[in-house]
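To keep things clear, I will list the structure first and then write my remarks on it.
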Amino acid sequence: MALLKIARMGNPVLRARAAELGDPRAPWVRRLVADMLETMEDAGGTGIAAPQVHAPHRIVVFFVAGERTTDLPGDGEQPLTVLINPVVEPIGDEVVLGWEGCLSVPGLRGAVPRHLRVRYRGMGLDGETIERDAAGFHARVVQHECDHLDGILYPQRMSDRRLLVYEDELRRHPIDLAEFVDAEAMA
Ligand code: ZN
């Protein structure tokens, strides 16, 4: 296993569409995923996509820790999940604003509108299909990671760029997103 170098915003690998995998059980895929997991853990992320480690393939890994969950059905704790060739589709049209960070955009946080509920499908390392309905933070993580496979970083999804801030400033000066949601609804 090895720690991989993380591409930062501006690197063209983060703007490209990643390629589908033919065989998820190929030995190189297992090695790449092991290195992605080690790199994600070392960097303290909750998810990472292969393009972020300069590997232009449709692979994401993520987990959802208990403290990030809500009572919404589909927003429970999620084990470490490997998704190969994932497809995400919205369920319903409810969109919510929430904070995101990204290992490729270090030091910053942004409030990003995302579908509240999605259904996603992909393959695990064993080639078996994984299909889940997700909501809340779980749905947000999956949408964020899968965007990487289409060359999209979260700042491109933002509706209000005043909400792109430094993480340490946000800690010092918390922002109540409810105020911004109300303003958006009234506009
Ligand atoms: Zn990211």
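Note that ligands are numbered from 1 as they come in the structure, with each ligand's atoms numbered from 1 the same way. It should be emphasised that the depicted structure is a prediction, and the values quoted were computed from it without experimental measurement.
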Glu100 and side-chain hydrogen bond (donor to acceptor under 3.5 Å, both in side chains): which partner among Gln143, Arg114, Arg157? Arg114
So, using ring-ring contact (aromatic ring centres under 6.0 Å, His included) as the criterion, who are the partners of His57 when residues are at least two apart? Trp28
Can you confirm whether Arg161 is buried at CZ, in the sense that more than 12 heavy atoms of other residues, nucleotides or ligands lie under 6.0 Å from that atom? no
Any Leu21 side-chain heavy atom under 4.5 Å of Ile59 side chain: yes
Starting from the Zn ion (ligand 1), count all protein N, O or S atoms within a radius below 2.8 Å. 3
Just say parallel, tilted or perpendicular for the rings of Tyr120 and Phe62, cut-offs at 30° and 60°. perpendicular
Minimum side-chain heavy-atom gap Arg30-Leu125 below 4.5 Å: yes
